[in-house]
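What follows is a single structure, written as structure tokens, with notes after it.
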Amino acid sequence: MTFTYAQIACHRFGLGAKPSELDQVLKQGAKSFLLKQLDAYDAKPKLLIDLPSAISLIKRNDTMRVKNKKISNKADKQKARKAERRFSTNIYKAGVIARHKHASITEQSFNERLVYFWQNHFAISANKPNVRTLAASFENEAIRPYIMGNFSQMLLAVTKHPAMQLFLDNYKSVGPNSRLGKRRKKGLNENLAREILELHTLGVDNGYTQKDIIAFANMLTGWSVSPKSKTGFRFNKATHEPKPASFIGKTYKQRGVKQASEAIKFLARHKNTAQYIAKKLAQHFAGDGNIKLTKSLENDLEASFIKTGGDLKLLYKILIHHPACWQKNIVRFRTPNEWLVATSRAAQINSIKDKALIVGLKNMGQQPYYPGSPAGWPNHDKHWMSPSAFVQRWQVAKQLARLIKTKPLKFAQICFGEHIDEHSVLAMQKAPNNKTAISLFLLSEQMQFR
Amino acid sequence: MTKFTPINRRHFLKGMSATSAALLASGAFTPQIALAKTKSDNILIWIILRGAWDGLNVLVPYGDPNYYKHRSSLAIAADKLHKADGLFGFNPALKELHQLYQKKELMFAHAVASPYRSRSHFDGQKILENGTGKAGIRSGWLNRLIDADKHHKAIAIDSGLPLILQGDAIADSWYPNKLNEQERETELLIEMLANNPSLSANLEQALKIEQMAMDMNLSGNKKQGKNITNITKQTASFLKDNGVNSPNIAALELGGWDTHASQGVLKGRLAAQLNILEKAILSFKKHLGTKWHKTIIIGCSEFGRTAKQNGTGGTDHGTGSALLLAGGAINGGQIIADWPELKQSSLYEGRDLYPPMDVRSVFKSILLEHLHITEAAVADIFPNSQNIKPHDGIVKS
């Protein structure tokens with residue numbers, strides 16, 4: 001089975017075709033369809049602007065904590081705890097649902113894929129209770145505004161965001177020689193520093209030592225969270241390690257927040273960062289079926305990153321113009337979320353029940369914002385391809401098939417136009433009813449890969 | 001697991017489409033594939049403890065005074081521990097596992113590590129699972145094992161496929177789900193996906209496993225639960241089954257050990273984790289029944305945690321840690337450790353428990369003596385590790 005260029009634009013670059021989107025691509029030409037999306041990028045989609053900001057949530061949670069502390073009655077205490085849990089669940093759900101709806105209707109699904117890519121690169125995980133309510137705000141405040149800009153701005157925004165501060169424990173890290181560190185028995189937590197080096201910038205063991213991690217962690221002390229600030233981020237002088245730090249061959253003597261900011265800028269432009277990001281992006285769009293072609297894409301991306309100091313929009317343009325991304329063969333397997341979004345886009349269904357959406361993704365092993373680790377969802381296809389993963393996807397396909405009212409063949413045409421894989425057509429024709437036909441189509445090779 | 005050659009795969013599919021859905025559901029369906037004639041009787045259960053467990057607070061070296069120096073608030077007092085010997089004691093949460101230890105059905109190796117010497121969970125897990133020493137290798141050592149010796153078959157208890165079972169050989173996988181009717185949809189699906197090798201292989205395996213799960217549907221309850229008791233119970237029934245198709249090796253995972261903050265000493269995250277692990281092992285013992293005496297369970301983490309506690313009531317990524325072995329087939333009631341001591345000068349890079357022993361020496365002895373893999377095959381399963389000798393005295397003779 002092979003893909004046409006128009007299909008590649010919608011499914012490999014984008015998150016799946018909406019009704020009549022393929023016609024639009026054929027009219028405009030696949031590359032210009034994608035380039036136009038980059039220029040029209042909307043960092044504040046309508047469906048997401050009403051979601052609560054990180055600072056409003058932190059303020060609210062702080063007020064409630066103070067209020068609930070005063071409760072002495074055991075039964076009331078339990079009630080309050082329950083109410084808090086319900087609140088957290090509702091906020092989490094609202095974020096997940098709005099995000100899914102937006103992905104299902106957006107005209108810019110290539111851009112949305114890029115949001116997913118970066119969100120996963122800087123992964124946080126909602127299984128930490130204090131991160132759960134903030135998960136959506138993290139994506140909307142620290143990722144979306146920055147994906148067309150410079151990498152270092154995104155890295156800085158991500159590091160400062162309360163969700164990241166809380167997720168990787170930095171908010172309670174204390175410099176040993178800081179005012180508070182000297183007075184109290186509290187100390188350094190190197191978690192955030194390590195993961196920035198390992199997962200966000202240089203790549204694992206790629207140009208830093210344990211000493212560098214500690215030096216960086218020292219610089220990051222004082223970076224914290226507060227309900228009294230404008231964004232939720234606050235620099236706390238009392239916990240900041242006041243000494244200069246020697247970090248990857250340079251001494252950072254700056255005071256305050258500037259010190260770690262400078263180190264972050266340095267990391268963002270490092271050649272190892274360029275190499276690491278280039279490789280990850282190339283893998284995402286070209287897979288490793290043709291190693292030579294992917295390597296050539298990787299080299300182009302890396303060179304551009306180094307030359308421009310991390311201009312992200314230029315990287316996306318390279319993707320659009322490079323033949324590695326236009327291979328007609330399958331290059332990647334769709335993750336559960338990509339597969340579900342592609343289905344929603346074609347079906348334009350608003351009727352996936354909110355609970356079914358979250359439970360479906362959970363059963364398929366990809367509950368939104370719950371990757372479980374700062375490394376995010378695994379980047380390679382084998383992880384998602386197993387007998388049990390197949391069965392889980394099959395179950396969700398059956399549920400979706402009940403909701404989709406479009407005729408099976410029409411539905412397949414929305415996705416792939418006149419070039420539907422004959423194996424799927426054959427199976428759909430033999431199916432005893434429309435529901436089975438849709439379910440089969442959703443599990444077809446063409447629908448499960450990109 | 002048997003590899004499908006193009007020819008027997010075709011036979012298999014032909015057999016499938018001729019079989020009606022009703023037959024499939026009734027359990028009359030037998031796949032037409034070539035299989036090893038005999039199946040190994042010995043069981044191996046691999047539980048990867050993802051997240052790096054704090055070996056020093058699992059099997060506590062209370063006899064090493066440095067332990068108490070490094071952990072001002074995280075150390076467990078000696079009188080709270082279930083003593084194993086003059087040096088080590090079990091975490092108080094492991095009361096029943098300590099009883100197993102006394103019955104000689106459980107043991108630990110301490111101060112061990114994989115060949116990995118950095119502190120990334122992700123690379124650490126890759127190296128533990130691929131058994132090579134290099135993070136980039138994408139085939140797991142259990143997969144190489146079932147590829148090398150067809151008497152062994154493996155199943156992953158996982159909604160995906162963990163690296164340890166990825167590779168050339170086909171491994172089964174199963175995870176609790178509610179799919180309980182095989183209709184014409186199944187047949188059509190098999191036809192439709194026949195030209196995509198990965199999807200059709202996964203579907204074939206899934207159907208076989210579903211069939212097994214249905215045959216053995218213990219309570220008649222169609223809803224399969226996801227708690228550890230149910231998962232271990234179901235896994236045990238796969239392993240107990242005497243059919244030539246059923247697995248004798250299972251790979252499970254138990255995450256949640258990454259205790260950077262508020263680890264808790266007697267209550268808290270670590271204790272809760274240990275309770276789950278204890279429950280899992282006891283459930284295996286109960287449900288494996290008479291097969292327990294042929295079973296070895298390995299519980300292993302990618303690395304350990306720092307000897308010193310950090311500033312947030314937890315510990316950070318370290319190196320040496322403890323490895324747990326249980327089952328009727330092990331020579332339990334002993335602690336294997338060439339204890340390097342926790343004094344500052346003995347710590348690895350001045351911060352972690354130094355690991356004189358490579359976990360592969362434990363794995364190798366289990367492969368050789370318990371699963372009867374040849375030495376030559378073991379050398380392929382763990383490449384470039386000639387200097388790691390199998391450790392004597394782990395498997396009951």
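Naming convention: chains lettered A, B, ... in sequence-line order (proteins, then strands); numbering from 1 in each chain. Below, each value reflects all heavy atoms present in this structure, side chains not excepted, and no hydrogens, waters or symmetry copies.
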Name the region of [X], side chain, backbone, both or neither, that has any atom closer than 4.5 Å to a heavy atom of chain B.
{"X": "A:R184", "result": "neither"}
{"X": "A:E198", "result": "side chain"}
{"X": "A:I213", "result": "neither"}

Quiz item: Measuring heavy-atom distances to chain A, does B:D258 have an atom under 4.5 Å in its side chain, in its backbone, in both, or in neither?
Solution: neither
Electrostatic pair [X]:[Y] at N-O distance under 4.0 angstrom:
{"X": "B:E349", "Y": "B:R119", "result": "yes"}
{"X": "A:R450", "Y": "A:E338", "result": "yes"}
{"X": "A:D169", "Y": "A:K128", "result": "yes"}
{"X": "A:D205", "Y": "B:R117", "result": "no"}
{"X": "A:K280", "Y": "A:E298", "result": "no"}

Practice problem: Determine whether the aromatic ring centres of A:W339 and A:W384 lie less than 6.0 Å apart. | Solution: no
Quiz prompt | Ring centroid separation A:F449 to A:H11 under 6.0 Å | solution = no
Specify which of [options] makes the most heavy-atom pairs with chain B at under 4.5 Å.
{"options": "A:V174, A:N127, A:N191, A:L188", "result": "A:N191"}
{"options": "A:M385, A:H383, A:Q210, A:K172", "result": "A:Q210"}
{"options": "A:L199, A:I330, A:N189, A:L168", "result": "A:N189"}
{"options": "A:E445, A:Q448, A:K186", "result": "A:E445"}
{"options": "A:G365, A:P374, A:A375", "result": "A:A375"}
{"options": "A:H380, A:E195, A:M1, A:E422", "result": "A:H380"}

Practice problem: Take B:K126 and B:D123 through the test salt bridge (charged side-chain N to carboxylate O under 4.0 Å, His left out) and record every step on the way to the result. | Solution: CA-CA 5 Å; B:K126 283 180 198 158; B:D123 281 0; 3.6 Å; yes
Quiz item: Of the listed residues (B:D316, B:L203, B:L199), which shares the most heavy-atom pairs with chain A below a 4.5 Å separation?
Solution: B:L199
